[in-house]
Undergrad: 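Dropping a structure here in structure tokens format, bear with me for questions.
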Amino acid sequence: MKVPLLDLGYTLDNGQVFRWSRDGDWWRGVVGSRSIRLLQEGDRLRVEGDVSTAFLRRYLRLDDDLEAIYEDISRDQCIAAIIERFRGMRLIRQEVWECSASYLLASYSNVSRIKKMIEALCRTYGRRLPDGQYAFPTPEEIAEGTGDIGICRLGYRADWIRCYARAVRDGDFDLEHLQGLEYEQAVSYLKRVKGIGDKVADCIALFSLDHLQAYPVDVRIARAMREVYGVSGSYRKVSGHARRHFGRYAGYAQEYLYIAEDRENRKGLEPTPSCRSPSR
DNA sequence: AACCAGGTCTCGA
DNA sequence: TCGAGACCTGGT
């Protein structure tokens with residue numbers, strides 16, 4: 001399929017999704033219960049697996065006008081340089097249950113471990129797919145599964161995920177209702193779930209509810225906000241400042257800042273533009 | 001071997 | 001509303 005401005009590598013390898021990995025020149029991943037392989041060749045995407053182009057257009061947010069978003073969020077030299085450096089990185093539109101359950105597990109951990117926890121969860125409770133991969137488990141499968149959650153090594157997150165799965169299964173937490181809410185209401189509703197706080201709620205809002213103004217602040221973003229923009233303090237304060245600074249697509253700016261920090265930390269590879277000084 | 005991690009919970013001011 | 005401490009576990 002033909003695609004607009006896109007860098008598949010930056011898009012799949014920036015910590016927003018946890019079930020994709022490199023496989024030679026290809027990318028291999030499981031989305032829900034679909035096993036997919038993707039290869040980008042310029043403006044074309046080669047696709048293997050049980051997916052339609054319509055599904056991929058939606059999943060990869062190919063409907064976002066990246067150039068327009070770049071223009072909107074390029075409100076300072078630092079973010080402009082980072083955008084230039086990582087051109088083509090897109091947010092991904094994840095399904096709500098998988099996204100929320102995944103980020104519920106993501107707290108106070110690191111991407112490598114998060115990936116392992118999720119794979120273990122899928123292997124323990126998810127359906128086995130024809131190619132040997134495992135689907136992301138449904139709330140019912142987690143709530144009613146007979147597998148031993150202990151082998152997933154989730155730590156204290158095990159209780160959170162089981163409690164959340166039960167609530168969704170029983171209708172005590174309504175994902176349909178969630179998807180109809182505005183940003184602030186969605187965040188408040190999400191935070192009723194034990195294990196979902198400010199940051200995870202923002203991730204879910206941004207990655208699965210189309211609330212592009214959401215601005216998740218983790219330790220890295222907090223560091224960037226402090227060092228680059230001179231802002232620190234409570235989550236509310238930092239996130240709110242960023243949302244005012246970057247505007248309605250603040251979430252995109254957040255993800256560009258995040259990938260820049262990430263590549264910075266994987267030292268040795270690809271130098272990134274540095275703008276460590278509140279020039280002003 | 002320490003330190004850190006896509007944070008949240010609880011509690012006290 | 002905010003800040004301080006504790007926290008499963010595994011990466012680096």
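Chain letters run A, B, ... following the sequence lines, proteins first, then strands; residues in each count from 1.
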Undergrad: Using a strict 4.0 Å threshold on nitrogen-to-oxygen distance, state whether A:Arg192 and A:Asp172 make a salt bridge.
TA: no
Undergrad: Any chance the side chains of A:Arg243 and A:Tyr215 put a donor and an acceptor closer than 3.5 Å?
TA: no
Undergrad: Taking the nucleotide of DNA chain B with the closest heavy atom to each, which residue, A:Trp160 or A:Arg113, is nearer the 5' end?
TA: A:Arg113
Undergrad: Among B:dG7, C:dT1, C:dT12, which is the nearest nucleotide to the side chain of A:Tyr108?
TA: B:dG7
Undergrad: Return the nearest nucleotide to the side chain of A:Tyr156; candidates are B:dG6, C:dC8, C:dG3.
TA: C:dC8
Undergrad: What does A:Tyr258 touch in the nucleic acid at a heavy-atom separation under 4.0 angstrom: a base, only the sugar-phosphate, or nothing?
TA: base
Undergrad: Exactly one of A:Ile118, A:Thr11, A:Ile92, A:Val31 should register a side-chain contact (heavy atoms from CB on, under 4.5 Å) with A:Val17. Which one does?
TA: A:Ile92
Undergrad: Please confirm whether the shortest side-chain N or O distance from A:Lys116 to OP1 or OP2 of C:dG11 is below 4.0 Å.
TA: yes
Undergrad: Just to be sure I understand the rule, does A:Gly155 reach a base, reach only the sugar-phosphate, or reach nothing, if contact means heavy atoms closer than 4.0 Å?
TA: base
Undergrad: If the P atom of B:dG6 is compared with that of C:dA4, how far apart are they to the nearest Å?
TA: 22 Å
Undergrad: How about A:Pro137 and A:Cys122: do any of their side-chain heavy atoms sit closer than 4.5 Å?
TA: yes
Undergrad: Calculate the interatomic distance between A:Ile149 atom CD1 and C:dC8 atom P; express it in whole Å.
TA: 15 Å
Undergrad: Whether A:Lys194 contacts B:dT10 is assessed here as follows: a side-chain N or O lying under 4.0 Å from the phosphate OP1 or OP2. Is that the case?
TA: yes
Undergrad: Looking at A:Ser112, does any N or O in its side chain come under 4.0 Å of the phosphate oxygens OP1/OP2 on C:dG11?
TA: no
Undergrad: So what does A:Gly195 touch, heavy atoms closer than 4.0 Å: a base, only the sugar-phosphate, or nothing?
TA: sugar-phosphate
Undergrad: Tell me what A:Arg220 touches on the nucleic acid: a base, only sugar-phosphate, or nothing, going by heavy atoms under 4.0 Å.
TA: sugar-phosphate
Undergrad: What interatomic distance, in whole Å, is found between P of B:dC3 and the corresponding atom of C:dA6?
TA: 15 Å
Undergrad: If you measure from the P atom in B:dA1 to the same atom in C:dC8, how many Å do you get, rounded?
TA: 22 Å
Undergrad: Would you say the base of B:dG6 stacks on A:Tyr103 (centre-to-centre below 5.5 Å, plane angle below 30°)?
TA: no
Undergrad: Salt bridge or not for A:Asp202 and A:Lys199, using N-O below 4.0 Å?
TA: no
Undergrad: Select base, sugar-phosphate, or nothing to describe what A:Ser109 touches, counting heavy atoms under 4.0 Å on all strands.
TA: base
Undergrad: Counting any heavy atom closer than 4.0 Å, what does A:Val17 reach on the DNA or RNA strands: base, sugar-phosphate only, or nothing?
TA: nothing
Undergrad: In whole angstrom, what separates A:Arg236's CZ from C:dG3's P?
TA: 12 Å
Undergrad: Is there, by distance only and without an angle test, a donor paired with an acceptor across the side chain of A:Arg153 and the base of C:dC8 below 3.5 Å?
TA: no
Undergrad: In whole angstrom, what separates A:Tyr235's OH from B:dG6's C1'?
TA: 10 Å
Undergrad: Tell me which nucleotide, if any, is Watson-Crick or G-U wobble paired with B:dA2 when both distances must be under 3.5 Å.
TA: C:dT12
Undergrad: May I ask you to decide whether A:Arg57 forms a salt bridge with A:Asp63, counting only side-chain N to carboxylate O separations under 4.0 Å?
TA: no
Undergrad: Taking the side chain of A:Val200 as heavy atoms from C-beta outward, which of B:dA5, C:dC2, B:dT8 is closest to it?
TA: B:dT8
